[in-house]
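Step one of this worksheet: look at the structure below.
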Amino acid sequence: MMYSSRRKPVLYFKDDRSFLSRKCTIWKLFGLCMLFVLGSLLLVQLTCSGDMSQTVGYSHLPHQPCPVERQSSSADDPSWGPHKMALIVPFRERFEELLIFVPYIHTFLNKKKIRHKILIINQLDHFRFNRASLINVGFMESGNDTDYVAMHDVDLLPQNEDLDYGFPNEGPFHVASPELHPLYHYKTYVGGILLLTKKHYQLCNGMSNRFWGWGREDDEFFRRLKAADLKLFRPTGINTGTKTFRHIHDPAWRKRDQKRIAAQKQEQFKVDPEGGLTNVRYKVESRQEVTISGAPCTVINTFLECDVSLTPWCQSS
């Protein structure tokens, strides 16, 4: 926001008097007041910012972002259709990727006229990262203004505008299919980017909360899709192969938590018949509306809970 004026006050003085002379005039007081007001506005502009560039290295995102300006797009244009997506990003300390992801995906979805809101589910507790539980939290906190969800990794950027992010009416739609993903190519893979209606997600009871650390939660969710008799759909007619997505994770300096603690090695391949939306335990510390390079998103700072008697591997060894 910029503050400017086409008409500035003009000060007239006699030749033998200077502006800084000791004699006080109404014009001098007016000029000083104008300088004070302009200085105050400049200070507010510099201190109030929704830019995430200052957050790198901190677990909390900015506490006082600038208000998000109303954007005239999806809310006003009927050609965008009736559906709205909750794009859920499970997150912890991946600020470099987040600064790239949010403005990129916001622009990408706007070009495709996809109504959406971006939810960053930020895990603040000291337990190991739990992607599945964070997605469950995102679903629970997504609100009644959305009717489908996108489970979306923060380090995966779609490069082909022919990819479909629309309402998956016929069944779950796996955008990052094995033949297109840059890393994972096995046929039961459903990670990266998966779209589901809220009804479909509820039919699966969400994702299992037993997976602490990296990996396997997607494989268990594939079994849930089958158990719910949901047909999985994937993109067709995409000819960009493994260049369809840009993967911005750097394993050389950001190691994955692949430890298997206690009985986790045996339990990770089992189906969780009861866990999911019905027993996810968490506390929302705060919700923050922020913008990153002009793109709005909601950061939901979350503390997950863990029953160490059931999943002792939620704690690091």
Side-chain angles (χ1 to χ4, degrees), residues 61 65 68 70-71 73-75 80-92 94 98 101-102 105-106 108-110 112-125 129-154 156 164-169 171-176 190-209 211 217-218 221 224-225 228 230 275-292 295-305:
L61 299 178
V68 178
R70 184 175 180 272
Q71 297 189 359
S73 57
S74 60
W80 287 48
H83 302 292
K84 185 176 181 180
M85 171 205 297
L87 193 147
I88 301 172
V89 182
F91 180 81
R92 175 187 266 175
R94 302 282 296 272
L98 191 69
F101 175 80
V102 170
I105 198 66
H106 179 66
F108 184 89
L109 294 175
N110 277 347
K112 297 183 67 63
K113 296 187 175 182
I114 301 294
R115 299 179 192 269
H116 65 278
K117 64 178 179 182
I118 302 172
L119 304 177
I120 311 300
I121 317 302
N122 183 31
Q123 184 176 343
L124 295 180
D125 55 79
F129 185 67
N130 191 323
R131 177 178 178 270
S133 288
L134 294 175
I135 293 174
N136 285 339
V137 172
F139 181 89
M140 300 289 284
E141 300 294 325
S142 60
N144 296 325
D145 60 333
T146 58
D147 54 3
Y148 71 112
V149 298
M151 303 153 53
H152 210 302
D153 287 352
V154 73
L156 203 58
D164 188 2
Y165 274 76
F167 185 73
N169 185 51
F173 186 74
H174 187 209
V175 180
V190 292
I193 309 167
L194 181 65
L195 312 181
L196 302 96
T197 68
K198 285 193 166 182
K199 181 179 179 180
H200 292 156
Y201 197 76
Q202 289 172 323
L203 284 174
C204 297
N205 190 24
M207 304 186 76
S208 172
N209 300 302
F211 293 87
E217 76 283 344
D218 290 326
F221 190 68
R224 291 183 177 226
L225 295 173
L230 292 173
L277 288 174
T278 52
N279 70 345
V280 61
R281 296 163 56 189
Y282 69 97
K283 176 184 176 182
V284 171
E285 186 205 47
S286 63
R287 299 173 69 100
Q288 297 170 299
E289 304 294 331
V290 300
T291 60
I292 305 176
C297 64
T298 302
V299 180
I300 303 178
N301 293 310
T302 306
F303 285 92
L304 297 178
E305 299 179 15

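Along the sequence shown, residues carry numbers from 1. The figures here come from the full heavy-atom set of this structure, side chains too, leaving out hydrogens, waters and symmetry mates.
- Ala176 is linked by a side chain to side chain contact (heavy atoms under 4.5 Å, CB included) to Leu156, His174, His181, Ile193, Phe245, counting only residues two or more places apart in sequence or in another chain.
- Classified by interplanar angle (parallel below 30°, tilted 30° to 60°, perpendicular above 60°), the ring pair Tyr148/His83 is perpendicular.
- Across all non-hydrogen atoms, the minimal contact from Met85 to Ala150 is SD-CB, 3.7 Å.
- Leu230 approaches Cys204 most closely through the heavy-atom pair CD1-SG, 3.8 Å.
- Nearest approach of Leu304 to Asn130, heavy atoms of both residues: CD1-CB, 3.7 Å.
- Put simply, the side chain of Pro296 does not reach to within 4.5 Å of the side chain of Glu289, judged on heavy atoms.
- Between Pro168 and His200 the shortest heavy-atom distance is O-CE1, 3.8 Å.
- Annotation: the span from Phe139 atom CZ to Met207 atom CE amounts to 13.0 Å, rounded to 0.5 Å.
- Partner Val102 forms a side chain to side chain contact (heavy atoms under 4.5 Å, CB included) with one of Ile292, Val89, Val290 and no other, that one being Ile292.
- Atom CG of Leu277 and atom CD1 of Ile135 lie 11.0 Å apart (nearest 0.5 Å).
- Here the shortest heavy-atom pairing between Pro172 and Leu225 reads CG-CD2, 3.8 Å.
- Nearest heavy atoms, Val190 versus Asp218: CG2-O, 3.3 Å.
- Between the side chains of Gln123 and Thr302, no donor-acceptor pair of N or O atoms lies under 3.5 Å.
- Taking OG of Ser208 as the reference point, atom CZ of Arg224 lies at 5.0 Å (rounded to 0.5 Å).
- A distance of 11.5 Å separates CG of Asn301 from CG of Asp125, quoted to the nearest 0.5 Å.
- A 4.5 Å side-chain heavy-atom check between Phe221 and Leu194 finds at least one atom pair inside the cut-off.
- The shortest side-chain heavy-atom distance between Leu134 and Phe91 does not fall under the 4.5 Å cut-off.
- With values rounded to the nearest 0.5 angstrom, Asp147 atom CG is found 8.5 Å from Thr197 atom OG1.
- For Asn122 (side chain) and Ile300 (main-chain N/O), no donor-acceptor pair under 3.5 Å exists by modelled atom type.
- Considering CG of Asn209 and CG of Asn136, their distance stands at 5.0 Å, rounded to 0.5 Å.
- Each of His116, Lys198, Arg115 was scored for a side chain to side chain donor-acceptor pair (under 3.5 Å) with Thr146, with one residue passing: Lys198.
- Residues that satisfy the side chain to side chain contact (heavy atoms under 4.5 Å, CB included) test with Asp145, not counting sequence neighbours, are Lys84, Lys117.
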Dump the intermediate steps for salt bridge (charged side-chain N to carboxylate O under 4.0 Å, His left out) on Arg131 and Asp153, then the final yes or no. CA-CA 9 Å; Arg131 177 178 178 270; Asp153 287 352; 3.1 Å; yes

Report the C-alpha distance between His152 and Phe101 in whole Å, list the side-chain angles of each, state the deciding distance to 0.1 Å, and finish with yes or no for ring pair (Phe, Tyr, Trp, His ring centres under 6.0 Å). CA-CA 10 Å; His152 210 302; Phe101 175 80; 5.0 Å; yes

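- Counting heavy atoms from C-beta outward, Leu119 and Glu141 have side chains that stay 4.5 Å or more apart.
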Working for side-chain contact (heavy atoms from CB on, under 4.5 Å), residues Leu87 and Leu109: CA-CA 10 Å; Leu87 193 147; Leu109 294 175; 3.8 Å; yes

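- In this structure the side chain of Phe129 reaches within 4.5 angstrom of the side chain of Pro90, judged on heavy atoms.
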